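What follows is a single structure, written as structure tokens, with notes after it.
Quick caveat: nothing in here was measured; it's all calculated off a predicted structure. Below, each value reflects all heavy atoms present in this structure, side chains not excepted, and no hydrogens, waters or symmetry copies.
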Amino acid sequence: MKQVKSYTSIWKVEKVLHSINDFKLPIPLTFMQIGYFSLGLFLVMMFKNIFPLNIIKSDLLKYILVPFGFSWFFSKKEFDGKKPYKYMYTMIVYMFKSKVTFAGKPIKLKNKIVLDEIITFVKRSDSRVSNKIHRKQSNME
């Protein structure tokens with residue numbers, strides 16, 4: 001028996017379509033799969049003259065198998081526990097949102113500090129100088 005952590009998985013049942021009128025479907029389809037197939041078919045019809053789709057000569061492959069693969073990918077695959085469309089949405093939101101935040105709110109800098117100075121660091125290899133500096137620091141403490 002499966003242990004249930006919350007009741008949402010029990011009450012959130014996905015609707016499945018087994019037949020259309022008297023025509024019985026070979027496999028049961030969810031409404032999301034049908035929607036993804038329709039979206040994939042629409043995208044294929046819109047972009048049929050662009051590179052990957054214009055080299056496919058078979059109409060069966062172009063108009064049936066490509067949307068089927070699109071619908072399978074979007075309904076079955078998960079990235080970091082998220083569906084692909086949610087994953088792409090979060091990646092796009094991350095790219096465009098402010099990266100400097102405090103407590104989830106963007107920081108607005110009032111005084112902008114601009115440093116145009118050139119800083120030069122010099123390292124001396126003379127051991128006498130480094131010993132003097134070391135002695136001065138130890139005397140200060």
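Side-chain heavy atoms closer than 4.5 Å link hydrophobic residues (I, L, V, M, F, W, Y) into clusters, and following such links, possibly through other members, connects Leu61 to Met45. One hydrophobic cluster holds both Leu17 and Ile27 under the rule that ILVMFWY side chains link at heavy-atom gaps under 4.5 Å. Both Phe42 and Phe73 sit in one connected hydrophobic cluster of ILVMFWY residues. Membership requires side-chain heavy atoms under 4.5 Å apart, directly or through other members. Under a hydrophobic-cluster definition in which Ile, Leu, Val, Met, Phe, Trp and Tyr are linked whenever side-chain heavy atoms come within less than 4.5 Å, directly or via other members, Ile34 and Val44 are assigned to different clusters.
Remark: the backbone N or O of Ser75 is paired with a side-chain donor or acceptor of Lys83 at under 3.5 angstrom. In this structure, the side chain of Thr30 engages the main chain of Gln33 through a donor-acceptor pair within 3.5 Å.
By the 6.0 Å contact criterion, CE on Met95 is enclosed, its count of non-hydrogen atoms from other residues, nucleotides or ligands being greater than 12.
With values rounded to the nearest 0.5 angstrom, Ile64 atom CD1 is found 9.5 Å from Asp59 atom CG. Atom-to-atom distance recorded for Ser19:OG and Leu29:CG is 11.0 Å, nearest 0.5 angstrom.
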Scan the side chains in residues 65-72 for donor-acceptor partners under 3.5 Å anywhere in the protein, sequence neighbours excluded, and list what turns up.
{"from": "Ser71", "atom 1": "OG", "to": "Pro67", "atom 2": "O", "distance (Å)": "3.3"}
{"from": "Ser71", "atom 1": "OG", "to": "Phe68", "atom 2": "O", "distance (Å)": "2.8"}

Cut-off 3.5 Å, no hydrogens considered: what does the side-chain donor-acceptor table look like for residues 47-56, sequence neighbours left out?
none

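Here Tyr63 pairs with nothing under the ring pair (Phe, Tyr, Trp, His ring centres under 6.0 Å) rule; sequence neighbours left out. Judged as a side-chain contact (heavy atoms from CB on, under 4.5 Å), and not counting sequence neighbours, the contacts of Lys86 are Lys82.
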Item to check | Residues Ile20, Leu25; criterion side chain to side chain contact (heavy atoms under 4.5 Å, CB included); working and verdict | outcome: CA-CA 7 Å; Ile20 299 172; Leu25 297 173; 4.2 Å; yes
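Listed by chain and number, the hydrophobic cluster partners of Tyr94 come to none, as no ILVMFWY side chain reaches under 4.5 Å of it.
Listed by first and then second residue, the ring pair (Phe, Tyr, Trp, His ring centres under 6.0 Å) pairs that reach into residues 18-39 are Tyr36-Phe74, sequence neighbours excluded.
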